[in-house]
Amino acid sequence: MTYDVSTLVEHFVEDVELNYSCSRLGVLPPGQWRGRDALRAHLRRVDIDYEPLDAEILAVLVEGDNTVVRWISSWRHRATGHIHRMDMAHFLRWRNGLVSEMYEFRDHRCVARGADFLPQSLDDILNPRSPGLSRDEMARRLIAMGSFSRGPDIALFRELCSPDVVCEFVGDRTTVSHAGRHRGIEALINIVRSIEVEFEQLGLAMPEVIVDGGAAAARRIVEWRHRGTGRCGQVQLADFVRFEDGRIVEIVEFRDSTALLQMQA
């Protein structure tokens with residue numbers, strides 16, 4: 001993985017909009033900035049504090065002028081020598097071949113437990129199963145699953161997901177108890193119910209849904225109230241789902257853990 005700041009910045013428009021959602025120990029602080037100068041300053045700060053070690057791209061979705069990339073990277077903190085393994089996702093909007101808007105999600109990678117999920121074979125990657133649904137129907141189902149305004153619709157989850165669905169919640173278990181990979185619809189439902197016990201959803205916006213083949217990604221903005229503290233806040237979430245034969249077989253979710261910690265404190 002190379003880290004050439006001057007070359008990287010040239011891939012963005014002058015007035016690029018930058019939005020960061022990340023964990024408490026994230027490489028970049030959460031927030032919103034605008035312009036190449038802001039991007040350049042952040043990249044230089046990262047370069048001072050961290051040494052990039054390696055990276056692996058897990059998924060790339062493209063639809064029109066929108067692209068989503070999900071990947072894993074390792075960084076060594078130069079002062080302490082600690083290595084941070086990070087899950088990352090970038091929602092990119094393009095203008096004339098350059099990135100005009102970027103939403104970044106990153107959190108510490110959680111070591112898998114329990115799911116025992118085998119990666120797709122080469123044949124499955126080259127010849128994926130049909131999603132069995134139209135583009136609009138996949139988007140509709142993704143939106144329906146993200147709405148908890150009246151509490152989670154458990155029957156809907158059973159209807160839309162495969163019995164053996166694999167779900168992964170990105171993050172560190174010290175801040176997200178259900179972080180990691182899990183297999184089966186009952187495991188997913190138990191996690192959804194636990195989230196609803198802790199948080200009340202007051203509002204939802206889904207400004208971006210990208211569908212590419214049998215894969216879909218969505219960026220959500222939810223307003224939640226923590227039932228224990230009573231504090232409210234807006235949380236950015238990113239969901240990646242994979243469809244096969246009309247059902248969801250995999251779900252990966254990123255969330256702004258910094259915003260969640262502020263509501264829980």
Side-chain angles (χ1 to χ4, degrees), residues 5 8-43 45-46 55-73 75 84 86-109 138-139 142-143 145-147 168-171 176 201 203-212 215-224 233-242 251-263:
V5 173
L8 183 58
V9 170
E10 292 301 317
H11 292 290
F12 295 78
V13 299
E14 288 287 350
D15 60 342
V16 60
E17 295 183 19
L18 307 166
N19 300 269
Y20 298 104
S21 297
C22 61
S23 71
R24 180 174 49 186
L25 299 177
V27 178
L28 292 173
Q32 298 178 334
W33 289 268
R34 179 186 290 273
R36 277 186 179 179
D37 287 343
L39 175 62
R40 189 179 292 109
H42 283 304
L43 294 175
R45 172 180 173 178
V46 173
E56 177 186 359
I57 294 177
L58 302 178
V60 178
L61 283 70
V62 180
E63 186 177 31
D65 293 331
N66 297 313
T67 303
V68 185
V69 182
R70 186 164 70 88
W71 54 301
I72 302 173
S73 61
W75 306 75
H84 298 273
M86 307 295 291
D87 264 293
M88 304 178 67
H90 288 87
F91 285 70
L92 307 174
R93 183 165 291 131
W94 298 80
R95 185 202 309 159
N96 298 326
L98 299 176
V99 177
S100 62
E101 189 174 354
M102 180 179 79
Y103 286 83
E104 177 184 278
F105 295 81
R106 73 167 72 211
D107 216 326
H108 287 279
R109 179 145 185 88
M138 284 188 280
L142 187 52
I143 293 170
M145 286 183 58
S147 178
E168 179 174 356
F169 295 86
V170 174
V176 181
Q201 182 170 303
L204 167 69
M206 194 171 291
E208 201 164 3
V209 179
I210 298 172
V211 180
D212 187 350
R219 184 169 57 83
R220 288 189 286 153
I221 304 172
V222 297
E223 184 179 358
W224 275 346
Q234 282 194 343
V235 181
Q236 293 259 4
L237 297 99
D239 297 300
F240 293 80
V241 303
R242 186 160 53 88
I251 302 172
V252 179
E253 181 175 282
F254 290 75
R255 53 181 55 191
D256 187 342
S257 51
T258 301
L260 291 174
L261 287 172
Q262 290 172 345
M263 281 188 280

Give, for atom [atom1] of [X] and atom [atom2] of [Y], the distance between the pair rounded to the nearest 0.5 Å.
| X | Y | atom1 | atom2 | value |
| --- | --- | --- | --- | --- |
| R219 | N19 | CZ | CG | 7.0 Å |
| Y20 | Q236 | OH | CD | 13.5 Å |
| H42 | W33 | NE2 | CH2 | 4.0 Å |
| R36 | L18 | CZ | CG | 11.5 Å |
| M88 | I57 | CE | CD1 | 11.5 Å |
| D212 | N66 | CG | CG | 11.5 Å |

Are any non-hydrogen side-chain atoms of [X] and [Y] less than 4.5 angstrom apart?
| X | Y | answer |
| --- | --- | --- |
| L260 | W224 | yes |
| R106 | F254 | no |
| F240 | I251 | no |
| E63 | E208 | no |
| V222 | R255 | no |
| E168 | D87 | yes |

Could you list the residues that satisfy side chain to side chain contact (heavy atoms under 4.5 Å, CB included) with D37, not counting sequence neighbours?
->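 R40.
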Assess whether atom CD1 of I143 is packed by more than 12 heavy atoms of other residues, nucleotides or ligands within 6.0 Å.
->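 Yes, CD1 of I143 has more than 12 neighbouring heavy atoms, counting only those of other groups under 6.0 Å.
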For [X] and [Y], work out which heavy atoms get closest and say how close.
| X | Y | answer |
| --- | --- | --- |
| H90 | W71 | ND1-NE1, 3.2 Å |
| V69 | T67 | CG2-CG2, 4.1 Å |
| A218 | V209 | CB-CG2, 4.1 Å |
| V170 | D107 | CG1-CB, 3.8 Å |
| L204 | G146 | CD2-O, 3.8 Å |
| P207 | I221 | CG-CD1, 4.3 Å |

Begin from the C-alpha positions of R95 and D65 and carry the test side chain to side chain contact (heavy atoms under 4.5 Å, CB included) through to its verdict.
-> CA-CA 7 Å; R95 185 202 309 159; D65 293 331; over 6 Å; no
